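Below: one structure, written as structure tokens.
Reckoned from all heavy atoms, side chains included, excluding hydrogens, waters and symmetry mates. Count residues from 1 along the sequence. Every value quoted in this text rests on a predicted model; they were computed, and no experiment measured them.
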Amino acid sequence: MGPVKKWVFVLVLEAVAVITVITTELIRTPEDEKLTEITSAGLTMGPANLSIMTAKPWESTHRLSPYIRPQQYFINLYPNLEQGSFVGSVEITIILDTAQSYIKLHSKGLNIKETKLNSSSVTAFSYPEHEFWVVVPNEELSAGEYKLQLSFEGSLLNKIVGFYRSVYNDSKSHEQHYIATSKFEPTYARLAFPCFDEPQLKSKFKISLTRPSGNNYIALSNMNQESEELNVPINGLTTVHFANTVPMSTYLVCFIVCDFQSLEPVKTDQGFPLTVYARSGQSENMKYAQHVGLKAINYFVNYFGIQYPLPKLDLIPIPDFVSGAMEHWGLVTFRESSVLYNELVGSSADKEEVALTVAHELAHMWFGNLVTMKWWNDLWLKEGFASYLESKAIQVVHPDWDEDTIFLINSLQFVQYRDSKLSSHAIVQDVSHPNQINEMFDFISYDKGSSVIRMLEGMLGEEVFRIGVNTYLKRFAFNNADTDDLWAEIQTATQYTVDVKKVMDTWTRQAGFPVVSAIRNGTKLTLKQQRFVSDPNNNSSNDPSPYNYIWEIPITYTTSNNNTVHKFWLTKDVDSITIDIPDAEWIKLNHRQVGYYIINYSESDWCLLNNLLERNVDALSAADRSNLIHDAFSLAKANYLPYGIALNMTKYLSKEHHYVPWDVAASNLKKLRQHLYERPAHKNLEKYVQHLLGSIKEDFWNDSSDRNFLQRKLRGVILNLGCLYGLPSYQSKVYELFKRFLNDEVKPHPDIRFTVYYYGMSLGNNSEWNRLWDLFLNEQEPQEKDKLMIALTASKEISILNRLLKYAKNESYIRSQDYFIIISQISRNPIGTQLVWDFLRDEWQYLVDRFSLNSQQLGNLIPSVCSRFNTNERIGEMNIFFAKHPEAGAGKTDRENALEVVSNNIKWLENYEAVIKPGVGKSGRKIALKVVFNNIKWLENHESVIRNWLLNSIQLIWICTVNILFYRVVLIIITIIKYIVPIC
């Protein structure tokens, strides 16, 4: 068919189609219209199954209509704890801003028995693809107010989101107890009651819960109890009515029916009661959470200048809880191990986790609850702020903890590892499907969000920042906002000295962060930026940036001349900037690592900074010391910097007295061990770390009571690192303490308890594992139980780990909340990596059926299990698995990240294994030769640096000599070959 004939044919077909559509619409009756609307859902309406005809509006989007707004919910729920089911009803007052032919709201997993609109029956059906309940009235609804009434029933079983049943055993009688509880964030309120389950559709909620009348059962919700009534027709039940809430989002609603005990409430400065609850035998362990909560809430009221708007605040740990905690307004729920604390059992790390978790959730009472993001793409507005403000509150609760320095390892440095991947994403990112929404609850929203907020405060100053935050919260109180709304209010507070949106958009609307090269030439300092990626040879991101991966960077620095913090900007509009600095011996940029970027100095400046720390460890703050170690290892791992320089930065550590720099070094030395495990270079690294630890004078095995918080944390880091690297004296001591614990039940000090349990078990046998298993099953303290559970994964016997994998399926042994923790921990044991990888592939359908693809924890399992893979064969296995199971759900980004991590692991070994290991053995020569061919120029430039580092490390002198001679011989051979080949 020629071009002209083809076009004529197409036009004729289109004309016929148009005429057909017009004719159909002209003869279409109202009954036909109604039938099409109903049957287009492809689902049951009443008893009949109807087929799909044409796509309707509720099929085209996951979002609800912005013109239908809920104003008031009246919710009645009765959870039958014994049967594991619930029945309920809800009446929703809604406002239609415009005329509507149908109403859609959310429902999932509910059996809706009846739907009425203004007390009249209407047609309604489920559209599960979008988790909708669609209500079709008999005629079009005009704008105005309506009352939507629904009755429903559902199950409390086999889930830990929505409205569900949690189980615990009494500590004394061991009798099993049931409670009903809820967890709705982000999209799970629809599992408990039909609702408009989007954050911007705020409403008031009047809630009534029916509970058992006896056995000390109580009902709790967001608001205070107003009244209760005995249900005479139904023996043994009482209905509790709660006060109406303030306007809030559905994900903040909470229902609990339990038999918990409470401590005496404490009064806040504002006058409302703060009450803590817990299951039998654990209420005393809520005293520390209550203490932190009281101080934190008082701090936030003062800091924000806004009163807490509810009449009460409750904190309650739940035996089965999927996340760490949840900020339900007025009734904050926690995982037990995140909030219960007993000084005789808990370590300093446990205490810190409780403090930070409580402060985080209470910060949400303003950031998230009072002012809520309009949509989940701005999740960081609540999670990033709560993650930063928690550290500010703990600085007030525990000023001796140096929380701003600890923030670096808890958040900033931690997330930069993830954010350096090409598979990372921007802080603000478009999402629609519930799976995409779940993916947003990751390190980027929480930790990068908090890090750029800290940087913003550093740019503007604490008081200007606080004023901007205050005006933002007041303007949008009980309402919703987006990121630009925040920038506008902070901009006003700055008096336009900085273009806040222009600066911060470069940090929130593109993935990644910059590395700034800093080259000194006399008194001139030249800075230039580029995106920092873990594999700089692969800089082709699938996610194009509106800013071309260039940032507006606030630069700070100090010098050897004085402690003045100098500030200037490296903007995205210039390729580089050169400034004058005094003639200083050394310069340290990114003061206290407030900026979310990495600095790459010249090799001579790295050397000067290292020498400075070796001469005087306190010449720089602990934050700056940890910053140098972090940056050096990050740069070395990504091939920006020779590894010799990074390793050099650890040589001063025998003089280091602060926990944070040691923790940074230990984390990087652990990653090195992971890369080199069971490879020739591992022995060299092991000898160096053992020598480093052996030069420490303090006896950290001594249970001194004189240590402060930071010293106690340091103790845990040192002993854990020594056991990991097999220091003989550490191994003998840890096994001695472990056997003493098993045989005589003498528990080691809380700060070293995890180390003793884990590394003791790694040296233990089958009978010792069985004893540890029994102790785990009988343990009642949640934090102690967690330590024992992870220690069970340390065995070096494959048969034991295989048995543990099978045991973990049994919820009477391992709670669902802990299932992925134990699976991941087994995979981190080198003996268990293959075992778990096989299990994951063989049992994938079981995991999907049990947890669903919507589970963020299931998505996270893939990168956790695969993070240690380092061969192309492994990438092949992963791709086969992903092709076999293409539906990733909430784990789509996790799969991309896992492949990138394994690819980087392979390249890392190619680049660096030969540099660190001795040049002996046939395979070693092959790798060394490959490195020489690919990196001759790099070797010529940096060989002396590596040699100097090795010569200064006593344990590696012999290795150094052999390596240098070997490389020189190879270079000579290559030169000869280059000369001979042209002649031949």
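- Aromatic ring centroids of W662 and Y659 lie 6.0 Å or more apart.
- The aromatic rings of F441 and W376 sit tilted relative to each other, their planes meeting at an angle between 30° and 60°.
- A donor and an acceptor atom, one from each side chain of T187 and D197, are nowhere located under 3.5 Å apart.
- Checked by atom type, the side-chain pair Q825/N829 shows no donor-acceptor distance below 3.5 Å.
- Taking the six-membered ring for Trp and thresholds of 30 and 60 degrees, Y813 and W773 have ring planes more than 60 degrees apart, a perpendicular arrangement.
- Nearest heavy-atom pair, R850 versus A808, reported as atom, atom and distance to 0.1 Å: NH1-O, 4.3 Å.
- K713 has its side chain within reach of E352: a pair of non-hydrogen atoms, C-beta onward, lies under 4.5 Å apart.
- Side-chain atoms of S852 and N854 include no donor-acceptor pair closer than 3.5 Å.
- In this structure a side-chain-to-backbone donor-acceptor pair under 3.5 Å is missing from D894 to I862.
- Note on E910 versus K907: no salt bridge recorded, every NZ/NE/NH1/NH2 to OD/OE distance being 4.0 Å or above.
- In this structure the side chain of F754 never reaches within 4.5 angstrom of the side chain of S347, judged on heavy atoms.
- Side-chain polar atoms of E361 and H328 form no donor-acceptor pair below 3.5 angstrom.
- A donor and an acceptor atom, one from each side chain of E900 and S423, are located under 3.5 Å apart.
- Ring geometry for F738 against F741 counts as tilted: the plane angle lies between 30° and 60°, on a 0 to 90° scale.
- Using a 30° and 60° split on the angle between ring planes, F851 and F820 fall in the tilted class, from 30° to 60°.
- In this structure, the side chains of K637 and Y417 come closer than 4.5 Å at one or more pairs of heavy atoms.
- With a 6.0 Å cutoff to the six-membered ring centre and a 45° limit on the axis angle, K351 counts as a cation-pi contact of Y288.
- A ring-centre distance under 6.0 Å is not found for Y730 and Y759.
- Side-chain atoms of H425 and E439 include no donor-acceptor pair closer than 3.5 Å.
- For the residue pair E129/H62, the side-chain donor-acceptor check at 3.5 Å is not satisfied.
- Side-chain contact, S387 with S450: no donor N or O sits under 3.5 Å from an acceptor N or O.
- Using a 30° and 60° split on the angle between ring planes, W837 and F881 fall in the perpendicular class, above 60°.
- For the pair K159 and Y188, the cation-pi criterion (under 6.0 Å, within 45° of the ring axis) is not fulfilled.
- With contacts defined as side-chain heavy-atom distances shorter than 4.5 Å, the pair E887/V848 does not qualify.
- Between T357 and F334 there is a side-chain heavy-atom pair separated by less than 4.5 Å.
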